[in-house]
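Note that the structure is a prediction, hence the values are computed from the model and not measured. What you see below is based on every heavy atom in this structure, not just the backbone, and it leaves out hydrogens, waters and symmetry mates.
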Amino acid sequence: MADILHRVGIKSTSLQKVYQAITTRDGLAGWWTAGTNGEGDKVGNTIEFRFGAGGFDMKVTDLTAPALVEWEVAQGPEEWIGTSIRFELNQDGEYIIVLFKHLNWKESVEFMHHCSTKWAIFLMSLKSLLETGKGNPDPLDIKIDNWN
């Protein structure tokens, strides 16, 4: 199994605000994709994420406010089926640290490389949203290759 791992520090905010940006439709649409439907604030809920190049559905599997959000991929690209996405949040001085994990890829395929770079871009969009009030969700995100 292979994993995508990222660490991002966000200043000038609170754990609760970061948690809300990851668990509410408006929050998610502000940094990941404008094509977000559903709420991620209850275990068992499904959130739909749509992009120009496709999309996927995530089932909320764990919530521990304001420190943990976990989703399981319910529908989407074949490589994503069976994977889970985890956001661990903690305060470290003046930063809220986001430990991001996209876990349990069956193998390290080329699409995983693409997704790792895109996750980094979207996590920087989350940072921007919370620090400046403006994120860069799809379709405003940086396009890195011919797969978006």
Side-chain angles (χ1 to χ4, degrees), residues 1-10 13 15-90 96-148:
M1 295 278 176
D3 301 328
I4 295 172
L5 306 173
H6 293 290
R7 180 183 188 270
V8 176
I10 303 172
T13 193
L15 277 167
Q16 190 60 37
K17 287 181 182 176
V18 177
Y19 184 82
Q20 288 173 343
I22 299 169
T23 58
T24 65
R25 195 211 72 76
D26 289 345
L28 291 159
W31 65 270
W32 196 11
T33 178
T36 299
N37 291 300
E39 293 289 338
D41 60 346
K42 290 187 179 70
V43 171
N45 281 5
T46 298
I47 315 165
E48 299 173 353
F49 299 100
R50 299 298 178 260
F51 299 80
F56 30 80
D57 297 349
M58 304 286 187
K59 182 179 179 184
V60 179
T61 56
D62 197 357
L63 294 170
T64 306
L68 174 69
V69 176
E70 188 171 77
W71 305 326
E72 179 182 292
V73 179
Q75 187 174 31
E78 180 182 343
E79 297 89 345
W80 281 42
I81 302 300
T83 66
S84 61
I85 295 166
R86 186 175 177 94
F87 299 86
E88 297 172 8
L89 312 175
N90 65 75
I96 303 302
I97 302 299
V98 178
L99 293 179
F100 170 86
K101 303 173 182 186
H102 189 164
L103 303 168
N104 301 320
W105 287 71
K106 292 180 183 96
E107 57 184 325
S108 181
V109 295
E110 188 174 358
F111 185 49
M112 184 180 178
H113 294 264
H114 167 87
C115 292
S116 180
T117 305
K118 289 304 293 188
W119 274 124
I121 287 169
F122 286 121
L123 289 168
M124 293 306 294
S125 175
L126 171 64
K127 177 180 174 72
S128 179
L129 175 66
L130 291 163
E131 290 181 350
T132 71
K134 181 166 176 25
N136 294 299
D138 181 79
L140 305 173
D141 60 308
I142 297 170
K143 306 304 182 199
I144 60 168
D145 58 27
N146 61 332
W147 288 352
N148 19 49

Scanning both residues in full, the closest heavy-atom pair of H113 with S108 reads NE2-OG, 3.9 Å
Which atom pair, heavy atoms only, marks the closest approach of S125 to W31? OG-O, 2.9 Å
Is the distance from the ring center of F49 to that of W71 below 6.0 Å? yes
By salt bridge (Lys or Arg N to Asp or Glu O under 4.0 Å), K143 pairs with (sequence neighbours left out) D138, D141
Determine the interplanar angle of the F100 and W119 rings, folded into 0 to 90°, and report it as parallel if under 30°, tilted if 30 to 60°, perpendicular if over 60°. tilted
Side-chain donor-acceptor pairs of residues 77-90 under 3.5 Å, sequence neighbours excluded:
unit_1, atom_1, unit_2, atom_2, d
T83, OG1, W80, O, 2.6
T83, OG1, H102, NE2, 2.9
R86, NE, E88, OE2, 2.8
R86, NH1, E70, OE2, 2.8
E88, OE2, K101, NZ, 3.1

Sorted by chain and number, sequence neighbours left out, salt bridge (Lys or Arg N to Asp or Glu O under 4.0 Å) with D41 holds for none
Output the distance between atom OG1 (T13) and atom NZ (K127), rounded to the nearest 0.5 Å. 11.0 Å
What are the two closest heavy atoms between A2 and M112, and how far apart are they? CB-CE, 3.6 Å
Just verifying a value: how many Å separate S128 OG and L123 CG, rounded to the nearest 0.5 Å? 12.5 Å
One should read off an interatomic distance between L126 CG and N136 CG, to the nearest 0.5 angstrom, of 11.5 Å
Roughly how far, to the nearest 0.5 Å, is the CE atom of M58 from the CD atom of E72? 10.5 Å
When rounded to the nearest 0.5 angstrom, what distance separates NZ in K134 from CG in L140? 5.5 Å
Using 0.5 Å steps for rounding, measure from the CG atom of N37 to the CZ atom of R50. 8.0 Å
Which atom of E39 lies closest to which atom of N45, heavy atoms considered: O-ND2, 3.0 Å
